[in-house]
There are 2 protein chains.
Amino acid sequence: MITSDASERLIESTRELLWERGYVGTSPKAIQQRAGAGQGSMYHHFSGKPDLALAAIRRTAEEMRGKAEEQFGGPGTAVERITAYLRRERDVLKGCPVGRLTQDPDVMADPALRAPVDETFVWLRGRLGEVLAEGVARGELSAALDPAATAATVVAVLQGGYVLARAADSTAPFEQAVDGVLGLLAAHAQSTAS
Amino acid sequence: MITSDASERLIESTRELLWERGYVGTSPKAIQQRAGAGQGSMYHHFSGKPDLALAAIRRTAEEMRGKAEEQFGGPGTAVERITAYLRRERDVLKGCPVGRLTQDPDVMADPALRAPVDETFVWLRGRLGEVLAEGVARGELSAALDPAATAATVVAVLQGGYVLARAADSTAPFEQAVDGVLGLLAAHAQSTAS
DNA sequence: GTCTATAAACTGATAGAC
DNA sequence: GTCTATCAGTTTATAGAC
């Protein structure tokens with residue numbers, strides 16, 4: 001078996017559909033069809049739509065943290081690592097698979113479904129705050145910079161950049177927003193001719 | 001008559017439900033119930049759900065532009081007006097009624113419904129760009145600042161701030177993101193002891 | 001303008017056979 | 001584990017009376 005049993009295919013199909021259509025817009029039937037599984041199979045492996053969505057959301061959140069850490073834990077100065085993170089290849093027009101869930105009322109209303117979304121952004125802001133604090137400590141960034149607030153700004157630029165890109169049906173505003181925040185950050189960079 | 005006929009109540013109910021639950025999550029039945037109108041009434045005034053949604057979205061977009069212009073066209077320096085805009089009283093946890101529509105696949109798939117969303121953000125970025133360019137021209141802001149890119153960043157911080165606030169079920173990350181971008185912008189401010 | 005009746009398809013399951 | 005049958009309720013309308 002090549003690790004693609006029905007349970008696995010159901011989770012992956014749910015991840016795709018949650019990203020494309022959100023929780024409210026995704027029906028069990030659509031999931032089953034994409035996964036090539038029947039009703040009986042789905043309800044054997046999962047108690048229902050919320051249970052399956054939870055498995056899908058947890059996996060997506062974990063994947064997102066892993067990808068972000070690739071840039072945060074990489075080489076370079078704080079600004080270099082944040083630039084690498086912001087300019088990383090992304091499916092901009094599809095948006096953020098975790099962030100889009102915040103617009104799903106049924107996800108936000110269910111504490112179990114909401115938890116992984118909350119935790120992802122808490123972690124992301126915290127980790128970015130660490131990178132920025134490191135930059136300040138090393139003298140790469142001005143001491144006037146507030147690491148926690150700036151971390152929230154950087155995450156917000158990404159999430160908001162997706163919104164602008166989808167509204168425009170173009171990646172251009174996303175890239176502009178990223179350029180803008182990096183331009184602002186550059187003014188806080190200290191010239192450390194080490 | 002106090003300008004609250006059935007047509008009017010249907011549009012206002014749709015505006016509320018689109019904000020709370022999105023297009024996919026809003027049924028004609030729910031709209032009718034909130035408006036206190038029957039099926040016949042709704043289908044007499046509007047050809048269907050998309051037609052009613054279009055009227056609702058257009059009104060919401062227009063209202064959003066009007067509110068933004070209150071701050072952009074107000075007194076003060078560029079940074080003061082942008083600060084007023086970002087710190088304006090908002091229902092942060094409800095998010096942006098226009099921005100949330102970008103996550104609605106059925107809205108983005110319909111050119112008529114999508115147009116007012118697109119136009120709103122084009123206008124918003126353009127208008128903010130003008131304010132920033134004015135700040136540069138007046139010597140309030142560094143000439144190194146890119147008005148168009150920074151405008152996209154400011155709009156993205158707002159839209160992303162809503163995402164972070166909803167994920168956390170708290171306005172705190174929104175306020176942090178706003179503080180962060182204003183802190184970065186302050187570094188670009190020129191000391192003009194006029 | 002608004003009402004009620006009707007309807008075909010979909011939603012989110014449960015039940016029990018295989 | 002997976003299948004088919006069934007089901008109560010919802011969705012998005014249309015038709016025609018009032």
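On a predicted model such as this, the values are computed, not experimentally measured, just so you know. Order of the sequence lines fixes the chain letters, A, B, ..., with proteins taken first and strands second; residue numbering starts at 1 for each chain.
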- Intra- and inter-strand pairs of DNA chain D in dot-bracket (Watson-Crick or G-U wobble, both distances under 3.5 Å; | for another strand): ||||||||||||||||||
- Could you identify which residues of residues 28-44 of chain B place a heavy atom less than 4.0 Å from some atom of DNA chain C, listed by residue number, or say none? B:Gly38, B:Gln39, B:Gly40, B:Ser41, B:His44
- Note on the structure: A:Glu130 meets the salt bridge (charged side-chain N to carboxylate O under 4.0 Å, His left out) criterion, sequence neighbours left out, with A:Arg127
- Message: Which residues pass the side-chain hydrogen bond (donor to acceptor under 3.5 Å, both in side chains) test with B:Arg21, not counting sequence neighbours?
- Response: A:Asp106
- Query: With a 4.0 Å cut-off, would you call B:Arg59 and B:Glu12 a salt bridge?
  - Reply: yes
- Residues clustered with A:Ile31, ILVMFWY side-chain links under 4.5 angstrom: A:Leu10, A:Ile11, A:Leu17, A:Met42, A:Tyr43, A:Phe46, A:Leu52
- Query: Within the pair A:Ser27 and C:dC10, is there a side-chain N or O less than 4.0 Å away from OP1 or OP2?
  - Reply: no
- In this structure, which one of A:His45, A:His44, A:Gln39 forms a side-chain contact (heavy atoms from CB on, under 4.5 Å) with A:Ser41? A:His45
- Query: CD/A:Glu140 to NE2/A:His188 distance, rounded to the nearest 0.5 angstrom?
  - Reply: 14.5 Å
- Message: Distance check needed: C:dT14 C1' versus A:Lys49 NZ, whole Å only.
- Response: 18 Å
- Message: Measure CZ/B:Phe46 against P/D:dT14 and give the value in whole Å, please.
- Response: 15 Å
- Please list all pairs passing the salt bridge (charged side-chain N to carboxylate O under 4.0 Å, His left out) test where one or both residues lie in residues 74-99 of chain B, with sequence neighbours left out. B:Arg81-B:Glu134, B:Arg87-B:Asp179
- Would you call B:Asp104-B:Arg100 a salt bridge at under 4.0 Å N-O? yes
